[in-house]
Amino acid sequence: MGAFKEPHGGVLKELYLSEGKADEEKLRAKEYKSWDLTQRQMCDLDLLMNGAFSPLEGFLGRDDYESVCDSMRLESGVLWPIPVTLDVSEDFAETISEGETIALRDPEGVLLATLEITDIWTPDRASEAERVYGTTDDTHPAVYFLNHTSNPVYVGGRVRGVEPPTYYDFKLLRDTPSELRGRFRKLGWRKVVAFQTRNPLHRAHQELTFRAATEADANLLIHPVVGMTKPGDIDHFTRVRCYEHVLEEYPEQTTQLSLLNLAMRMGGPREALWHAIIRKNYGCTHFIVGRDHAGPGNDRDGNPFYGPYDAQELFREHEEELDITMVPFKMMVYVENKAEYVPADETEPTDKVLNLSGTEFRRRLREGLDIPEWFSYPSVVEELRKAHPPRHMQGFTVFFTGLSGSGKSTVANALMVKLLEEGSRPVTLLDGDIVRKNLSSELNFSKEHRDLNIQRIGFVASEITKNGGIAICAPIAPYAATRRQVREMINPVGGFIETFVSTPIEVCEARDRKGLYAKARAGQIKGFTGIDDPYEEPENAEIVIDTADLSPDLAAHRILLTLEKHGYVR
Ligand code: PPS
């Protein structure tokens with residue numbers, strides 16, 4: 001028996017050269033101009049070469065591109081909803097011409113493919129956004145990408161595959177369409193329902209996917225995207241570990257898991273058709289389309305870009321031509337009195353339906369609160385908790401700022417000792433003097449060098465924070481913009497607590513432990529902070545401490561109380 005589902009356009013278009021030909025192409029490519037692929041292009045090229053994008057034979061040329069934007073069809077008439085284009089810089093475009101062959105390389109310079117150029121053109125990106133995504137609003141991730149990430153010139157042409165991109169993670173779970181088709185054949189699977197996802201799966205998903213497969217009298221493929229998803233999504237490492245746990249919940253031999261290296265566009269209805277075409281190429285016969293499939297969220301005015309069932313409607317219009325059956329996603333809800341999941345439209349008025357919104361789930365995760373077993377599997381929750389620990393298990397940075405002699409180092413030392421006593425995480429002190437000696441010894445006190453010094457401290461602190469430690473920094477850090485940069489560097493990876501040591505300059509100068517103020521007044525040190533160099537006071541510091549009327553012990557204690565209040569220590 002041959003393939004039980006014809007690929008889109010009739011033939012699976014694998015673009016790899018045979019081994020011998022690939023070796024010859026590698027030799028020739030030494031003479032070609034090279035384009036270093038972006039992350040999005042690596043994903044697109046991978047799926048072009050392995051046949052997931054059949055019937056495409058390369059990056060779209062200009063006529064196909066216009067036709068896809070206008071009518072969701074290639075020039076040949078075959079349905080194709082999303083433009084797959086190679087965007088390059090103007091500088092690079094100026095060095096190449098139509099008819100030439102170029103090398104496509106990964107960021108390390110490894111040759112993955114060559115491209116025989118048929119077209120070079122500058123697209124109207126606003127028009128592409130409007131025609132493909134129905135909007136020019138930047139809050140749509142694909143429109144944002146077009147306007148801010150994509151390069152301005154497109155290059156179209158046939159791709160000759162030399163080797164697939166190397167991925168070091170989850171190798172056994174990454175399949176080409178031929179490999180997956182082979183596996184289905186081996187397993188004797190005739191009908192396969194594919195489930196697309198970019199989120200972790202919980203019990204409701206397991207129930208709905210298994211029900212969808214059972215109703216279609218088919219087997220099930222969990223086919224999550226691990227290429228590029230919506231910015232802010234849970235990382236794929238965490239998700240794949242979750243999927244592996246959920247897989248064990250399906251009856252034996254009913255379900256397979258495979259990872260798809262797709263770069264999603266979040267293109268709603270058009271993207272739903274694209275997802276279905278890709279799954280058809282992988283040999284699936286059915287595809288689950290849910291509410292707001294591949295939805296990009298809300299627009300600038302807070303309205304959804306697409307209607308919740310637009311994707312299902314567009315799919316239905318093209319279902320026959322697509323030759324893959326849509327399985328509309330059924331909302332499953334947990335009915336407590338029956339202790340089981342039931343389709344939302346099959347509940348009875350007397351049923352007690354339990355609900356936990358996505359927002360509430362994330363809040364509970366963030367705060368380390370209980371997540372009921374009816375909602376998710378303990379193994380999945382554990383993985384998610386590991387990746388998103390509650391605050392008392394996350395890293396954080398306490399960033400002191402203040403004049404020389406304000407008491408930063410003394411309080412920072414006292415705080416370090418108290419945190420070591422508390423013992424929950426490793427503590428690193430990046431005191432101004434220590435850093436100047438070990439990390440920034442070649443720097444002086446010019447604005448440029450002070451900024452560099454603070455950026456280095458910020459980088460080290462963000463690494464410590466990311467890995468769950470505590471960084472205590474105590475430089476002068478006189479400039480507000482640089483402090484803000486550090487805050488922005490650390491916020492995504494853990495807590496940032498800016499502590500302004502506001503001790504007035506008169507007090508600092510009167511203390512003058514190192515005799516530097518006297519020297520600055522005498523003109524022996526130039527550009528001394530507070531004397532003849534500015535100190536921009538923080539306006540939004542989490543903590544303000546004046547050591548003129550607070551002992552180091554009490555000051556450190558107050559910081560500890562604030563850390564407790566924010567949930568960083570218990
Ligand atoms: S900065 O601006 O954040 O890079 O400064 P920092 O790395 O914290 O270094 C401040 C310490 O260097 C000594 N020092 C000076 N401070 C300010 N201005 C000038 N021109 C200067 N020259 C030397 C001073 O002892 C500071 O130490 P602290 O611990 O703050 O008193």
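We count ligands from 1, going down the list as the structure has it; atoms in each ligand are counted the same way. These values consider heavy atoms only, across backbone and side chains, with no hydrogens, waters or symmetry-generated copies. Quick caveat, the model's predicted, so the values are computed rather than measured.
Heavy atoms of other residues, nucleotides or ligands lying less than 6.0 angstrom from CD of Glu382 number 12 at most. Annotation: His388, atom NE2; neighbour count of heavy atoms from other residues, nucleotides and ligands within 6.0 Å is above 12.
Ser404 OG, 2.6 Å is the protein heavy atom nearest to atom 31 (O) of ligand 1. Lys514 NZ, 3.1 Å is the protein heavy atom nearest to atom 27 (O) of ligand 1. Given atom 30 (O) of ligand 1, the protein heavy atom at minimum distance is Lys408 NZ, 3.0 Å. The protein atom (non-hydrogen) at minimum distance from atom 11 (C) of ligand 1 is Asp433 OD1, 3.9 Å. In this structure, the protein non-hydrogen atom closest to atom 24 (C) of ligand 1 is Leu516 CD1, 3.5 Å. For atom 10 (C) of ligand 1, the closest non-hydrogen atom on the protein side is Ile476 CD1, 3.5 Å. At the top of the distance list for atom 3 (O) of ligand 1, counting protein heavy atoms only, stands Ala477 N, 2.8 Å.
Between Val110 and Thr166, the closest side-chain pair of non-hydrogen atoms is not below 4.5 Å.
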For residues 563-570, which side-chain N or O atoms pair as donor and acceptor with protein atoms under 3.5 Å away, sequence neighbours left out?
unit_1, atom_1, unit_2, atom_2, d
Tyr568, OH, Arg391, NE, 3.4
Arg570, NH2, His392, NE2, 3.2

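Residue contact check: Pro478 has heavy atoms under 4.0 Å from atoms 2 (O), 3 (O) of ligand 1. Counting the atoms of ligand 1 from 1 in the order shown, those under 4.0 Å from a heavy atom of Pro475 are 3 (O), 8 (O). Under a 4.0 Å criterion applied to the non-hydrogen atoms of Ile454, ligand 1 contributes the atoms 3 (O). In the vicinity of Gly405, heavy-atom distances shorter than 4.0 Å reach the ligand 1 atoms 31 (O). Near Gly527, meaning under 4.0 Å from any of its heavy atoms, are these atoms of ligand 1: 18 (N), 19 (C), 20 (N).
Of the residues listed (Arg203, His205, His202), the one engaging Ser376 in a side chain to side chain donor-acceptor pair (under 3.5 Å) is His202, and it is the only one.
Taking each of Arg436, Arg450, Arg456, Lys447 in turn, the one with a heavy atom nearest to atom 2 (O) of ligand 1 proves to be Arg450. Nearest-residue assignment for atom 9 (O) of ligand 1 (options Phe528, Phe400, Phe445; heavy-atom criterion): Phe445.
Qualifying side chain to side chain contact (heavy atoms under 4.5 Å, CB included) partners for Asp137, counting only residues two or more places apart in sequence or in other chains: Thr135, Thr139, Asp299, Arg300, Phe305.
Residues Asn453 and Ser440 approach most closely at OD1-OG, 2.8 Å, considering heavy atoms. Nearest heavy atoms, Gln394 versus Pro389: NE2-O, 3.0 Å.
Looking only at atom types and distance, the side chain of Asp235 has a donor-acceptor partner in the side chain of Thr238 under 3.5 Å away.
Distances shorter than 4.0 angstrom occur between a heavy atom of Thr529 and an atom of ligand 1.
Aromatic ring pairs are classed by plane angle as parallel below 30°, tilted from 30° to 60° and perpendicular above 60°; the pair Phe170 and Phe237 is tilted.
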